[in-house]
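Just so we're clear, the structure is a prediction, and the values are computed from it rather than from any experiment. In listed order, ligands and their atoms are each counted from 1.
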Amino acid sequence: MNMCKVYVTASQKGGVAKTTTAGSLGIGLAKKGYKVLLVDADAQGSLTASLGYKEPDSMNDTLAVIMEKEIENEKYDPSTFGILHHDEGVDLVPCNIELAALEVALIQVLSRETVLKRYIEKVRKNYDYIIIDSAPSLGLVTINVLVAADKIIIPVQAAYLSIKGLEQLIKTIGRVRVSLNNNLGIDGILITMLNDRTIYAREIVELLNNAYGKAINIYDSKIPLSVKAVEATTKGVSIYKHAPKGKVAEAYTRFTEEVIANA
Ligand code: ADP
Ligand code: MG
């Protein structure tokens with residue numbers, strides 16, 4: 001039986017560590033021996049770049065092309081087309097600016113919300129986990145991602161927690177669940193970029209608990225703020241490779257274990 005689970009890191013806020021979390025979770029899972037596909041679904045190509053592919057816009061076979069093939073019902077081999085094998089043990093469907101044009105074209109397409117899902121259904125048998133990194137918007141591509149996913153991971157930046165932003169996202173998730181994907185669930189909220197000297201995790205958890213009760217899981221693991229994370233992104237390697245003994249690598253390892261345990 002195929003137990004593949006499809007996760008998405010989502011938030012309409014930028015800079016909350018969606019991309020960092022998607023990459024770190026994916027590589028964290030691969031390090032534990034799981035077969036993982038990372039899917040970059042942000043036209044900025046940040047996940048692609050953060051894994052060392054420095055010029056996403058010069059790439060040809062990307063998520064936009066795959067989605068176009070799905071729209072046109074073109075014949076292609078979904079198990080290989082557009083899939084890169086990264087040296088840290090994950091597979092990656094890269095993404096670039098072409099996804100922005102595709103987002104506009106999608107408006108005209110029949111069943112425009114389920115294009116990505118059709119692709120994911122074809123490849124999920126090949127993997128234990130698929131992790132999708134989404135853009136900071138609630139546009140049609142992100143809706144496609146929410147329709148294709150089983151579980152959502154919501155990173156929130158400790159210092160700029162936005163309850164209003166969270167409410168919008170949770171409302172959208174509710175709408176998608178009712179009309180397009182009743183299988184969709186929130187795996188949890190991940191507190192990121194936590195600076196222990198100024199903000200206490202306890203206070204944030206209390207705030208979130210006051211707003212949502214125990215309805216939404218807040219991961220025990222909190223990701224600390226560290227310049228090592230920025231350096232890793234800039235270098236195009238994972239945090240496990242850049243600073244394997246550091247506190248961010250340790251926190252993402254524990255987070256990965258929590259996600260596995262939740263499944
Ligand atoms: P998003 O995808 O939500 O826009 P990113 O993952 O791209 O967020 O992160 C935004 C920036 O913050 C990047 O430069 C990244 O390297 C940095 N960053 C991510 N996690 C941390 C962390 N724990 N500490 C410090 N900087 C971080
Ligand atoms: Mg991002």
As an exercise, identify every atom of ligand 1 less than 4.0 angstrom from a heavy atom of V230.
16 (O), 26 (N)
Interatomic distance, K122 atom NZ to I66 atom CD1 [nearest 0.5 angstrom]:
10.5 Å
Any Lys/Arg nitrogen of E167 or K171 sitting under 4.0 Å from an Asp/Glu carboxylate oxygen of the other?
no
Does the distance from a Lys or Arg side-chain N to an Asp or Glu carboxylate O, for R118 and E121, drop under 4.0 Å?
no
If you measure from OH on Y252 to CG on L190, what distance do you get to the nearest 0.5 Å?
6.0 Å
Atoms of ligand 1 less than 4.0 Å from G15 heavy atoms?
1 (P), 3 (O), 4 (O), 8 (O), 10 (C)
Which of these, T9, L194, T20, V16, has its nearest heavy atom closest to atom 5 (P) of ligand 1?
T20
Looking at L106, V176, I143, which hits side-chain contact (heavy atoms from CB on, under 4.5 Å) with E113?
I143
L225: numbered ligand 1 atoms lying under 4.0 Å from its heavy atoms:
24 (N), 25 (C)
Could you find the nearest protein heavy atom to atom 7 (O) of ligand 1 and give me its residue, atom name and distance?
T19 CB, 3.9 Å
Check I223 against ligand 1 and report side chain, backbone, both or neither, counting heavy atoms closer than 4.0 Å.
side chain
Which residue and non-hydrogen atom of the protein lie closest to atom 25 (C) of ligand 1, and at what distance in Å?
S226 O, 3.0 Å
Nearest 0.5 Å please: distance from the CD atom of E103 over to the CE atom of M67.
8.5 Å
Report the distance from atom CD1 of I27 to atom NE2 of H86, rounding to the nearest 0.5 Å.
5.5 Å
Atom 11 (C) of ligand 1 [closest protein heavy-atom partner, distance rounded to 0.1 Å]:
M193 CE, 4.5 Å
Decide, yes or no, whether a salt bridge links D150 with R124 under the criterion of side-chain N to carboxylate O below 4.0 Å.
yes
Within T19, is some N, O or S atom less than 2.8 Å away from the Mg ion (ligand 2)?
yes
Counting only heavy atoms, tell me which of G23, S50, A17 gets closest to atom 8 (O) of ligand 1.
A17
For the residue pair Y76 and Y119, categorise the inter-ring angle as parallel (less than 30°), tilted (30 to 60°) or perpendicular (more than 60°).
parallel
Atoms in ligand 1 flagged as close to G14, the criterion being non-hydrogen separation under 4.0 Å:
4 (O)
Nearest non-hydrogen protein atom, atom 15 (C) of ligand 1
T233 OG1, 3.7 Å
Heavy-atom proximity to atom 23 (N) of ligand 1, best of G246, A229, S46, P224
P224
When only distance counts, is K18 in polar contact with ligand 1, meaning an N/O pair under 3.5 Å?
yes
